[in-house]
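Structure, as structure tokens:
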Amino acid sequence: MNFTSGNETLTPAVNYRDSFVMAVGKNVIVVVLGMTINYINATMIHTFNRHHIFKLNPRYILFIHLVFNDLIQLTTSITLFVCTYTFHTIYVSLCCLLILPAVFTTQNTPLNLAFMAGECYIAVCIPLRYNYICTVKRTYTVIGIIWTMSSLSVLPDIFILLATEPLDFLHARVFCKRDSVFRSTYSLKKRDASHILFLVVVWITLFYTYFRILIVAKAANTDAKKARNTILLHGFQVLLCMITYVQPMLVTFLTYLFPGGLASILFALYVINQILPRFISPIVYGLRDSTFRKYFKRYNVSSSLSYRDASSTAVVKNVIVVALGLTINYINGTLIHTFRKHQILYVNPRYILFIHLVLNDIIQLTTTISLFVLSYAFYRFNASLCCLIITLAVFTTLNTPLNLAVMAVECYIAICLPLRHAELCTIKRTYILIGWLWAMSAASTLPDVFIVLATEPLEFFYSTIFCERDNLFHHPISLNKRDVSYIIYLISVWLTLFYTYFKIFFAAKAAKEAKSSGGDAKKARNTILLHGFQLILCMLTYVAPLLKKALLYLFPKYYAHALFASYIIIQMLPSYNVSSSLSYRDSTSTAVVKNVIVVALGFTINYINGTLIHTFRKHQIFYVNPRYILFIHLVLNDIIQLTTTISLFVFSYIFYKINTSVCCLIITLAVFTTLNTPLNLAVMAVECYIAICLPLRHSVLCTIKRTYILIGWIWAMSAATTLPDVFIILATERLKLFYSTIFCERENFFRHPISLKKRDASYIIYLISVWLTLFYTYFKIFFAAKAAKEVKSSDGDAKKARNTILLHGFQLILCMLTFVTHVFKKTLFYWFPKYYAHALFACYIIIQMLPRIIKLNIKPSNSLHTKVDSEVSECNIVVVIHLQDPQISSMNSSSYSYNVSSSLNYRDASSTAVVKNVIVVAFGLIINYINGTLIHTFRKHQIFYSNPRYILFIHLVINDMMQLSLSTLLHIISYALYTIKVPFCIILLTITILATLNTPLNLACMAIECYIAICIPLRHVQICTVKKTCVFIGLIWVVSSMSILPDIFILLATEPLQFFHSKVLCARDYVFRSNYSLKKRDTSHIVCLVLVWLTLLYTYFRILFAAKEATAGIKKARNTILLHGFQLLLCMLTYVRPMFEQGLLYLLPTHVRAIRFACYVIVQILPRFVSPIVYGLRDQTFRRYMRRYVLCKFLLVRDTFTTAFVKNLILVLVWLLLSYINGTLVATFFRHQAFYEDPRYILFIHMVINDGIQLTVTITLFVLSYIFYKINVSFCCFFILVAVFTTRNTPVNLASMAIERYIAICEPLRHSHICTVRRTYVVIGLIWFICVAPDITDLFVTLATESLSFFHQSVFCLRQNVFKDPALAYKRQAFDIIYFSCVFLTLVFTYLRILFAARALSTEKASAQKARNTILLHGAQLAMCMLSYISPSVEIVLHLIFPGRILEIRYANYLIVYILPRFLSPVIYGVRDKKFRKYLKMYFLSSRCRVTQRVAAQHE
């Protein structure tokens, strides 16, 4: 890792080995960074070489030398890095060869930068003498001096090594490190002395040039200022590079501080010292230079114009090729590593031939992929370099079939001539055969090189060509020779294969008959069969020229794609077969390949789908066409489905088993979206049928509103199939199941027999319905198309629609395989028990992914890619016609008048509305929290499952939770939206009314159960069984539904269709407004009231009479019945609420809002508050278990119940208030285009959104810590990371806002140039990168250091409990200090500059003063936000002072650090800003204005 300096402690570096996962992660990071930087550097070198202007400028010559030097340094240092992990030790001579260029180039970098600083100093400070001093010749002399100085530092080490070390040392193997090779004390002392000398010289040069440029810059123009900035960037890069000189001391110091983290220290220093400076160079000197940037842009534009593929296509192809190449080379590298580690493989000719094949394939893949990528990156490059790469690629490509043929011969000898195998197949002969393979390949290729050298002029080798064999070796003799040699090789290899195959086949049959070594012969035969398949692929190389010509002839338009497919098949697929078929053929490589295929397909499909969605959203024309709405819903659904199913697929290979709760969530979503697809396609087929067969009625039937209703029905039908499975598993399985881990599959989770039978029944229904729809629409369209063709009218449209339906049909066939998947799986398992996993993979691809690919060929996707400009006028005409349609206008007017009538109701003031909603939500949360605790207690104790009383009680609790949630939701909607769509309102009202009516009926049943227990105790066990209780619960729901379902049928029968497209105030009387419904409601309420009251009176008096002669136990039951009576009295107010409200309105006509709110609280909420007290806390058995649960939990938390409740209530209320304010600000921003173009408001709204996320996550964690105390580590990781990211974002965002204000006030003329919208989004991206990058490493370290079982545990969700590696704590403290310093310095600098600017302003003193005050408020908020950086230290100090108050300390710290700064943001940036305040007032007053307009319209 350290190539210029070392550590005195060699033993830890050698002995300390990383884990496999850590090693792979480090190597991938280093290689990816190296490839990225080298690609950028190579592009710059290419730009330099193509333009003569750079070759005459010393600055660019020095810069391009720096780039060349960095290329060499990165390549050698990364090679050494990878070698240290792959081989650990290598030969000393080879190590010397690698270390020398690494050390040379590493020391060159700071020297080169110092000379560039000197050149910049001359240009700025001595401009008149610049042309005399800085000539091209002297520049090359300076470069020579740089190399001489570096060599003077290193070459003496070579001489000392040769003089002091014995000869055996040069043949030994060492861990390749400078101090391991040059280990003499003289070398170490010389190294330190030279480093100190270089350090002093470079630093003095830098300081001198920097200060001279700084002094000149003060009196000069912007060019000098820019040069000064460049020098500053020089300084930063030189600082990084010069860590080289102090690295030994730095390593020693860090090792002393962190003795167990040597590997991490070395890796971090390697990245900072060796890689990071090379990443900065192109930015500092290349992209910032205007001249270089201009030519660089030209190059990028010209190269992009040369591609024959679109940019997106080229990127996808390159990503696929590189991903496949990395995967195959990773597998091959693992095989080589396995071969090298086991001596037994060295003496077997088969494995030697195999590992030669693997090495050959690595070289072949690397060269061909390099050529592939270079052909897209540069298109053309130097002919000499092309000749070298092509020759190596052709050598290795020809080697593969020859090597396979030799392996077939070896296998033939082993099977057919086993006694002579040891004599014929020796190690020596194997190596000779390998030499012959290379000789034969060379005999085919080297003549081409000699021919091109003999026939082409010398200029050809300096020119640039598109690097392909036929472009390089284009002489007719070479082409003819290539064809002849290919034919010879093809015949020879095929004859060898056929001969060996048939001989082995016959030998295998004979061995099987003799029952001797039958398995081995059969296995060898199967291996030869796999050889044959691979040889067929490899030998396509011999017919590749003919194949290309055929493809060009057959597919001239798609020639590039055909070439890409042939490249994958010919060059890459055989290489994969090597690792899969010829090695151990184990499941690891298969799993990797399957996952790569699935993820690659998923990314490709989702990329295309994302493009379609983007196109849809950008063009308004698609919004008014039902076909495109249905299609884009299908696309969105498929994105969700693909993401969830691929996540499940990958998880099944990585973790095998996952948490049941997570599995339930993913499976439910996956099943929803999977079932949606065929239903959506069937609806699209119906729409196409209406468009073709009923064109005149298409605009009436297929409206936008109905389309959205249909989409809602699609989801409802899918939910109707899946949600019962969730309820069944919640009802039948124990709570432990949801904390356990399972293999996540639908049958493993929803395993109840009822679920399986329901699934089969629903699948059959869906299958029949969808198929009937398809057949009917298809034949109708088919006949319409034929008739249209005969009259020659609209032939194209009808035919195209028919073709679309055909494609629908094919896709539907694939989608509907979902409905028969389980049957299909059983059949496959019966037929192919050995290949069941592969059969399942094929099913997954066919059923889940293939329909999503075919969807892209259906008409809407093609239409989405057409030009929209030509359709705008048509769209406008359609909209005008739509508005002028009498039916539509009448519908709109009716709904409008209805809305007006409903909107004439009294509206609360804003403050009153907020207070009422807060009260309702607070009550709802409190009651649902208590009810949730009761349900948890019930589920945790088996004793309650067999008692009818507790079953009825828990049903009452669940029913109350549903009723409270929905009624609270309706209450909030009535204030927030006022009116909502009728279908959505019907769904909410139906469930709410059902749950409301259930409560008194449930209570009546509980009274009867209590009566039986008291008055007929001997028959209680016989009458009140668990089964009968469940039947009673079903009867309760049936009775309640009989009260509301007729209202729905009456509504459907009496209301016009337009009513379902309108919006209403969501109350029962506004929706079910028919006279029949009102009369039926009153009748049913009276009947229920009488029955429930009679039941209560009868049971109460019977228990009362029994209690007079009984014990205290029966007296308690009597008291319980009395409490029942009180709750029933409250519940039964539901039945008389309409009359009760009318009576109160008659008495108090001016207090209508207060009356309705009071009735709502008394009738809907208060009875739900009484239930837990009456039946839960008063019951001795339930109270005992409840107390255990609560005490267990709160003894751990150490807060009393009251304290915990108050803390949580305060936080939730604060969160609700802040979320409401932030939501208002976000809505105001998005509703006004004026804010979109102002960087200030963009940064502000980003901070508001960030704070909303941060508050939600942290308060969720806070509440969960009180409810569950411990949660799953995986969930905790997610919550903590999001909380940390968003918490870090706030102060950095505020600092950015302070900088923006500084620019606006101190440099107003440059504000519009510097602070653009695009740069603002770039700044936001940088904020997230800066805040995410340091903390995401916590996750990677935890993944590398903790076992898999840790992520299935439950912990108290604190950062230090999850990310508990000691190094992470130090890293966190270090980054907190860095962030704190940077943000604080930014704030002080901007504040002082604004303060001084404000004093100097005379004309706009008020504006400057306001900006200064804003910065002061910034400072107050930043001061609180920055407490997050020191809050851990503050907590520790306060805990030492107040040792028994840790919970209060944490709570106060949480309020001050996390909550209070988020409360200040809207005040500082929203309300105080004049422009934002104006629009905010408009937003708040808009609802009242709408009401006024509606009232005025009605009066008119």
Side-chain angles (χ1 to χ4, degrees), residues 705-706 709 712-713 716 891 894-906 959 962-975 977-1001 1036-1092 1131-1145 1152 1155-1157 1159-1160 1163-1164:
K705 290 182 179 179
R706 288 181 179 173
I709 291 170
W713 273 106
M891 179 190 77
S894 65
S895 61
Y896 177 80
S897 63
Y898 181 80
N899 285 334
V900 168
S901 65
S902 64
S903 66
L904 290 174
N905 294 294
Y906 292 97
N959 182 79
M962 290 170 57
Q963 193 272 345
L964 261 182
S965 301
L966 291 173
S967 62
T968 303
L969 178 63
L970 279 173
H971 189 272
I972 294 170
I973 286 173
S974 68
Y975 279 93
L977 306 175
Y978 193 61
T979 58
I980 60 172
K981 295 280 188 178
V982 171
F984 182 59
C985 177
I986 291 172
I987 294 170
L988 291 178
L989 276 179
T990 303
I991 302 172
T992 307
I993 293 168
L994 279 171
T996 304
L997 294 176
N998 280 348
T999 304
L1001 296 174
I1036 289 170
W1037 281 89
V1038 170
V1039 172
S1040 298
S1041 63
M1042 289 175 66
S1043 174
I1044 186 63
L1045 288 180
D1047 290 343
I1048 297 175
F1049 299 140
I1050 292 168
L1051 178 70
L1052 293 170
T1054 58
E1055 294 292 346
L1057 192 61
Q1058 290 85 352
F1059 174 74
F1060 297 94
H1061 298 290
S1062 62
K1063 290 184 175 183
V1064 295
L1065 177 68
C1066 196
R1068 183 171 183 175
D1069 292 343
Y1070 287 102
V1071 178
F1072 307 116
R1073 55 188 183 178
S1074 171
N1075 292 328
Y1076 305 105
S1077 297
L1078 297 175
K1079 292 176 180 177
K1080 183 200 65 60
R1081 182 199 66 191
D1082 295 337
T1083 305
S1084 62
H1085 281 180
I1086 292 168
V1087 172
C1088 289
L1089 180 65
V1090 171
L1091 291 175
V1092 170
C1131 289
M1132 286 188 298
L1133 289 175
T1134 303
Y1135 301 139
V1136 295
R1137 181 181 174 182
M1139 294 175 281
F1140 190 62
E1141 277 188 3
Q1142 288 175 4
L1144 290 173
L1145 286 173
V1152 59
I1155 290 169
R1156 285 181 177 172
F1157 181 72
C1159 288
Y1160 172 76
V1163 175
Q1164 300 290 350

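Reckoned from all heavy atoms, side chains included, excluding hydrogens, waters and symmetry mates.
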Exercise for review: Identify which one of Thr979, Leu989, Thr992 satisfies the side chain to side chain contact (heavy atoms under 4.5 Å, CB included) criterion when paired with Cys1066.
Suggested key: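 Of Thr979, Leu989, Thr992, side chain to side chain contact (heavy atoms under 4.5 Å, CB included) with Cys1066 is met by Leu989 alone.
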
When rounded to the nearest 0.5 angstrom, what is the spacing between [atom1] in [X] and [atom2] in [Y]?
| X | Y | atom1 | atom2 | result |
| --- | --- | --- | --- | --- |
| Leu994 | Ile1036 | CG | CD1 | 12.5 Å |
| Thr1054 | Phe1059 | OG1 | CZ | 8.5 Å |
| Ser1041 | Asn998 | OG | CG | 9.0 Å |
| Phe1072 | Ile986 | CZ | CD1 | 5.5 Å |
| Leu988 | Ile973 | CG | CD1 | 5.5 Å |

**Study point:** Pairwise side-chain contact, Trp1037 with Asn959, heavy-atom cut-off 4.5 Å (strictly under)
**Key:**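 Touching, per the 4.5 Å side-chain cut-off.
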
Is the side chain of [X] donor-acceptor paired with the backbone N or O of [Y] at a distance under 3.5 Å, no angle test?
| X | Y | value |
| --- | --- | --- |
| Ser974 | His971 | yes |
| Thr968 | Ser965 | no |
| Ser1043 | Val1039 | no |

Review point. Do you know the tightest heavy-atom contact between Val1071 and Cys985?
Key: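 Closest pair (atom of Val1071, atom of Cys985, distance): CG2-SG, 3.5 Å.
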
Exercise for review: Of all the heavy-atom pairs spanning His1061 and Lys981, show the shortest one and how long it is.
Suggested key: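 Taking His1061 first and Lys981 second, the nearest heavy atoms are O-NZ, 3.6 Å.
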
**Study point:** All side-chain hydrogen bond (donor to acceptor under 3.5 Å, both in side chains) counterparts of Ser1074, not counting sequence neighbours
**Key:**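 Partners of Ser1074 under the side-chain hydrogen bond (donor to acceptor under 3.5 Å, both in side chains) test: none.
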
Check your understanding: What pairs meet the salt bridge (charged side-chain N to carboxylate O under 4.0 Å, His left out) rule with one or both residues in residues 1050-1061, with sequence neighbours excluded?
Key ->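 Sorted pair list: Glu1055-Arg1073.
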
Anything under 3.5 Å between a donor and an acceptor, one on a side chain of residues 1044-1051, the other on a protein residue two or more places apart or in another chain? List them.
| unit_1 | atom_1 | unit_2 | atom_2 | d |
| --- | --- | --- | --- | --- |
| Asp1047 | OD1 | Lys1080 | NZ | 3.2 |
| Asp1047 | OD2 | Arg1068 | NH2 | 2.9 |

Practice item. Under the side-chain contact (heavy atoms from CB on, under 4.5 Å) rule, collect the residues that match up with Ile987, sequence neighbours excluded. Key: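 Listed in chain order: Ile991.
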
